[in-house]
Amino acid sequence: MMAALGQFVFALNTLAYQELRRTSSWRHPSNSRVGARPARQYVGPGDETITLTGLLAPEFMGDRKALDRLREMADRGAAYALVNGAGEAFGAWVIEGMEETGSIFVREGVARRVEFTITLARVDDALADPAGGTDGGDDWGDWWTGDDWDWWM
């Protein structure tokens, strides 16, 4: 396992990234002053993004449906915990964007080589989806409608 975003695991058999680029910023707004440089004040952390780039070659490594599963997670609009393979937690992240470029097509129009870029944006940790990106399955609601002793018969 290279990393996990919610319940999605980045690995050779699913989707392996070749580069992880992390960008962090901090906010220091300025206030103009007469005869001096502008004054700056630290007001907190700014935006933080992670960009994952890689190559999917389903005949050799990876799963054709992996990018579709990530798109479904992005469509939910939820934040997911990001953890690397060593167990280091990076906090809660949303999928902000995805790009994919297919090449080397077979006769049926399926790409044998797919280059991808996934952009994640950091959000407050309290926003992370507690289900980890799973849909929880079917809602069983009130699944038992029989007599409490029917199982005995």
Side-chain angles (χ1 to χ4, degrees), residues 1-29 41-148 150-152:
M1 176 180 102
M2 299 173 73
L5 180 66
Q7 293 293 319
F8 183 87
V9 176
F10 289 92
L12 290 177
N13 63 342
T14 56
L15 192 64
Y17 53 86
Q18 295 172 321
E19 182 177 284
L20 184 150
R21 184 179 38 221
R22 186 175 182 179
T23 305
S24 302
S25 65
W26 295 265
R27 296 177 295 147
H28 295 271
Q41 179 180 3
Y42 175 71
V43 294
D47 289 333
E48 189 170 358
T49 61
I50 288 181
T51 303
L52 303 170
T53 57
L55 172 68
L56 173 64
E59 294 173 354
F60 302 106
M61 63 177 196
D63 178 7
R64 284 190 198 283
K65 299 293 181 184
L67 290 170
D68 293 337
R69 287 195 299 275
L70 282 170
R71 283 188 199 292
E72 290 170 7
M73 289 172 64
D75 286 343
R76 288 188 194 115
Y80 305 101
L82 179 65
V83 180
N84 70 11
E88 180 183 1
F90 291 101
W93 298 78
V94 294
I95 301 171
E96 196 170 64
M98 289 178 60
E99 275 183 52
E100 61 183 272
T101 303
S103 60
I104 310 176
F105 292 91
V106 296
R107 181 178 47 210
E108 292 78 19
V110 177
R112 296 176 64 198
R113 174 188 171 100
V114 179
E115 295 179 37
F116 65 87
T117 302
I118 301 167
T119 306
L120 307 175
R122 178 83 187 263
V123 296
D124 290 332
D125 292 346
L127 298 177
D129 180 2
T134 61
D135 66 2
D138 296 332
D139 180 20
W140 286 29
D142 187 19
W143 63 273
W144 183 254
T145 57
D147 184 14
D148 288 342
D150 279 350
W151 64 272
W152 184 259

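We number each residue from 1, following the sequence as shown. Side chains are part of it too, since the values below use all heavy atoms of this structure and drop only hydrogens, waters and symmetry mates.
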**Student:** Quick one: pull up OG1 in Thr14 and CZ in Phe8 and give me the separation to the nearest 0.5 Å.
**Tutor:**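 If I round to the nearest 0.5 Å, the distance is 4.5 Å.
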**Student:** Assign the ring pair His28 / Tyr42 to parallel, tilted or perpendicular, where the plane angle (0 to 90°) is split at 30° and 60°.
**Tutor:**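 Ring orientation, 0 to 90° scale: tilted.
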**Student:** Taking ring pair (Phe, Tyr, Trp, His ring centres under 6.0 Å) as the definition, give me every residue that meets it alongside Phe60, ordered by chain and number, with sequence neighbours left out.
**Tutor:**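 Result, ring pair (Phe, Tyr, Trp, His ring centres under 6.0 Å) vs Phe60: none returned.
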**Student:** If you count every heavy atom of other residues, nucleotides or ligands that lies below 6.0 Å from Arg27 atom CZ, does the total exceed 12?
**Tutor:**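 Yes, CZ of Arg27 has more than 12 neighbouring heavy atoms, counting only those of other groups under 6.0 Å.
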**Student:** Taking side chain to side chain donor-acceptor pair (under 3.5 Å) as the definition, give me every residue that meets it alongside Gln18, ordered by chain and number, with sequence neighbours left out.
**Tutor:**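 So Gln18 forms no side chain to side chain donor-acceptor pair (under 3.5 Å) with any residue.
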**Student:** Roughly how far, to the nearest 0.5 Å, is CD of Glu19 from OG1 of Thr53?
**Tutor:**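 Rounded to the nearest 0.5 Å, the OG1-CD separation comes to 4.0 Å.
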**Student:** Please report the closest heavy-atom contact between Arg64 and Ala111, naming both atoms and the distance.
**Tutor:**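 The answer is NH1-O, 3.1 Å.
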**Student:** Ignoring hydrogens and geometry, is there a side-chain-to-backbone donor-acceptor pair from Tyr80 to Met73 under 3.5 Å?
**Tutor:**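 Yes; judged by distance alone, with no hydrogens or angles, the pair exists.
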**Student:** Consider side chain to side chain contact (heavy atoms under 4.5 Å, CB included). Of Leu5, Val123, Leu120, which one does Val94 pass it with?
**Tutor:**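 The side chain to side chain contact (heavy atoms under 4.5 Å, CB included) with Val94 is passed solely by Val123 among Leu5, Val123, Leu120.
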**Student:** Does anything in residues 81-121 pair up under ring-ring contact (aromatic ring centres under 6.0 Å, His included), and if so which pairs, sequence neighbours excluded?
**Tutor:**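 Every candidate ring-ring contact (aromatic ring centres under 6.0 Å, His included) pair involving residues 81-121 fails, so no pair, neighbours aside, qualifies.
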**Student:** Looking at residues at least two apart in the chain, or sitting in another chain, which of them share a side-chain contact (heavy atoms from CB on, under 4.5 Å) with Glu96?
**Tutor:**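 Glu96 satisfies side-chain contact (heavy atoms from CB on, under 4.5 Å) with Thr119, Ala121 once adjacent residues are dropped.
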**Student:** Find out whether Thr49 and Arg122 are in side-chain contact, i.e. whether some heavy atom of one side chain is under 4.5 Å from a heavy atom of the other.
**Tutor:**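 No, every pair of side-chain atoms sits at 4.5 Å or beyond.
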**Student:** Quick check: closest heavy atoms across Asn84 and Met1, and the distance to 0.1 Å?
**Tutor:**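 Where Asn84 meets Met1 most closely, the heavy atoms are O-CE, 3.7 Å.
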**Student:** Nearest 0.5 angstrom please: Thr117 OG1 to Glu99 CD, how far?
**Tutor:**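 These two atoms lie 5.0 Å from each other.
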**Student:** Between Leu55 and Met61, what is the shortest heavy-atom contact and its length?
**Tutor:**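 Scanning both residues, the minimum pair turns out to be O-CE, 3.5 Å.
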**Student:** Indicate yes or no for a side-chain donor-acceptor contact from Asn13 to the backbone of Gly62 under 3.5 Å, with no hydrogens or angles considered.
**Tutor:**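 Flag not set: sc Asn13 to bb Gly62 has no pair under 3.5 Å.
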**Student:** Residues two or more places apart in sequence or in another chain: which of them pass side-chain contact (heavy atoms from CB on, under 4.5 Å) with Asp47?
**Tutor:**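 Only Ser25 meet the side-chain contact (heavy atoms from CB on, under 4.5 Å) criterion with Asp47.
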**Student:** Supply the atom-to-atom distance Leu56 CG to Asp63 CG, rounded to the nearest 0.5 angstrom.
**Tutor:**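 Spacing of CG (Leu56) from CG (Asp63) equals 8.0 Å.
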**Student:** Drop me the distance from Leu67's CG to Ile118's CD1, to the nearest 0.5 angstrom.
**Tutor:**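 Answer rounded to 0.5 Å: 6.0 Å.
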**Student:** Should we say atom CD of Glu59 is surrounded by more than 12 heavy atoms from elsewhere, each under 6.0 Å from it?
**Tutor:**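 Counting neighbours around CD of Glu59, more than 12 heavy atoms of other residues, nucleotides or ligands fall under 6.0 Å, so yes.
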**Student:** Kindly compute the distance separating CG (Leu15) from CG (Leu70), expressed to the nearest 0.5 Å.
**Tutor:**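 The CG atom of Leu15 sits 6.5 Å away from the CG atom of Leu70.
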**Student:** Glu115: which residues meet the side chain to side chain donor-acceptor pair (under 3.5 Å) condition with it, sequence neighbours left out?
**Tutor:**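 Partners of Glu115 by the side chain to side chain donor-acceptor pair (under 3.5 Å) criterion, ordered by chain and then number, come out as Arg113.
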